[in-house]
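Position 1 is the first residue of the sequence, and the numbers go up from there. In listed order, ligands and their atoms are each counted from 1.
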Amino acid sequence: MLLEQNSGSGYTNRTQSNGRVYIETYGCQMNVSDSEVVASILQSNGYSLTSKLDEADVILVNTCSIRDNAEERVWGRLDVFRQYKRRNPSVIVGVLGCMGERLKDSFFDKKNLVDIVAGPDAYRELPVLLRLAEEGQSGINVLLSREETYADISPVRLDKNGVSAFVSIMRGCNNMCSYCVVPYVRGAERSRDPETIVREVKELIDDGYREVTLLGQNVNSYHWTVENGGLVSFAKLLEMVAKINPTLRVRYSTSHPKDLSDEVLQTMARFGNICSHIHLPVQSGSSRILKLMNRGYTREYYMGRVEAIRRILPDCAISTDVIAGFCSETDADHRETLSLMQWANFDFAYMFKYSERPNTKAARRLPDDVPDETKARRLTEIIALQGKLSEQSKKKDVGKTFEVLIEGVSKKSDQHFYGRTSQNKVVVFPKGNSGIGDFVKVAILKSTPATLIGEMVL
Ligand code: SAH
Ligand code: SF4
Ligand code: F3S
């Protein structure tokens, strides 16, 4: 999953009567998707959206607790908002999302910092909480739900490109990886009614979208029982979405290795519009560490899943997440991580230093005993290795031709577009006669560490 990005919200609309809302989003794609649900709820309650902080009557920050530095960043932003509030005392500041859920009413301990707090399952209550705040009271709702999926809400898309959209298919997580705060801040896993997913995807197509990414913390455990007793598994859902329109690109994230079935891989092989990319977080290459992490698989099992992907989907790119310096990790464990990365030949990775999260199983039972310098050194080695692997992965594409979905104008040159291949690699190429949202064939001429450079072919 994409981590710790941050974005201002969509567009300005001054015609409605309630205040103007500015939303800033941190954390994973689920949070990006949730901010779109929040925007929808507030819009239908008479609020308008603004992407400019200095126009805001309400500032909402959708937060992440996954690592300590994710929270530090939010505290920094809250300080900035406090200064803004000093100049504009009627402005309401709200904390949404995972950090709100974790720290609850402790946000109110600091004077004039935060007016409302809403956890990830409490967004329908936001209009009520905002009204309380307008009356000068603090508003909080951090109840987690076993049912809430916001299935009936049509998210207001806050992205700028109008080409690619996130669609949440489930919420929460039941896995209890020992290092992870997500089950505590997002609650129990629940799947969303597939009919509402299909309906949302159809609406996106009608609005011109060409790609959807189905989101969940562990999409492979998606399941929905239909009225006649039949079961919609993730493989089945993938098929239902892929069949809606053969020109719609379908992606998904995240796959948990213990639950990635051959059936899902075979479904991917059957539909050309399901993209050839799997994000399969490994976390560690040492079976001993994986056990302490409570990941539910061994090194060998993970390797077996990679082999299955290579067998069933020979063109498929694989990306991963790695944690350096988990409790009791030795240099030998670390070398196993490096050797597994080398063996799997990952195309891309998100890499992190272990950060102890309060009240998780690891925090309660396992000492955070790897010194910070050691974590940092191991992380540097992991990043260096992945740098080489990512570069090789791009080099092997030079000379080949890929179908690319154009997502926007290159940041570096307004004469160039950027888009992605099915394997999720970014390609930059001269614009020609094409436009944003088009599928074009691009021959790859060379690669840089971050992108592929190409030209369109007919
Ligand atoms: N549900 C996804 C991951 C969600 S969190 C999955 O299971 O794969 C995204 C990534 O953050 C994780 O894959 C892990 O690599 C990292 N992460 C989670 N908790 C962490 C912690 N306490 N310290 C460092 N990295 C962590
Ligand atoms: Fe966290 Fe594990 Fe759930 Fe992913 S699967 S969100 S790492 S508990
Ligand atoms: Fe996502 Fe961060 Fe919450 S990774 S689920 S926003 S803790």
Output the list of atoms in ligand 2 that are nearer than 4.0 Å to some heavy atom of [X], sorted by atom number.
{"X": "H256", "value": "5 (S)"}
{"X": "R295", "value": "2 (Fe), 7 (S)"}
{"X": "Q217", "value": "6 (S)"}

Inset, instruction - Decide yes or no for V95 and L78: does some side-chain heavy atom of the first lie under 4.5 Å from some side-chain heavy atom of the second? - result: yes

Inset, instruction - Check whether any N, O or S atom of C180, backbone or side chain, sits closer than 2.8 Å to atom 3 (Fe) of ligand 2. - result: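 Short answer: no, not a single N, O or S atom is under the cut-off.
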
To the nearest 0.1 Å, how far is [atom] from its closest protein heavy atom, and which atom is that?
{"atom": "atom 5 (S) of ligand 2", "result": "N175 ND2, 3.4 Å"}
{"atom": "atom 3 (Fe) of ligand 2", "result": "C173 SG, 2.3 Å"}
{"atom": "atom 2 (Fe) of ligand 2", "result": "C177 SG, 2.3 Å"}

Inset, instruction - May I ask whether M30 has any heavy atom positioned less than 4.0 angstrom from an atom of ligand 3? - result: no

Inset, instruction - Please verify whether a non-hydrogen atom of Q217 lies at under 4.0 Å from ligand 3. - result: yes

Inset, instruction - Measure from NZ or CZ of K236 to the centre of the six-membered ring of W224 and say whether it is under 6.0 Å with the direction within 45° of the ring axis. - result: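 Not flagged: K236 not positioned over aromatic ring of W224.
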
Inset, instruction - Tell me whether the guanidinium CZ or amine NZ of R67 lies under 6.0 angstrom from the six-membered ring centre of F352 and within 45° of its axis. - result: yes

Legend entry - Contact partition for C98 relative to ligand 3, non-hydrogen atoms under 4.0 Å: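 Contact part for C98 vs ligand 3: side chain (C-beta onward).
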
Legend entry - Heavy-atom nearest option to atom 24 (C) of ligand 1, drawn from K353, Q217, M351: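 Shortest heavy-atom distance from atom 24 (C) of ligand 1: K353.
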
Inset, instruction - May I ask you to identify, for V182, whether its side chain, its backbone, both or neither come under 4.0 Å of ligand 2 on a heavy-atom basis? - result: side chain

Inset, instruction - Of the side chain and backbone of P183, name the one, both, or neither that has a heavy atom under 4.0 Å from an atom of ligand 2. - result: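 The part of P183 near ligand 2 is the side chain, not the backbone.
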
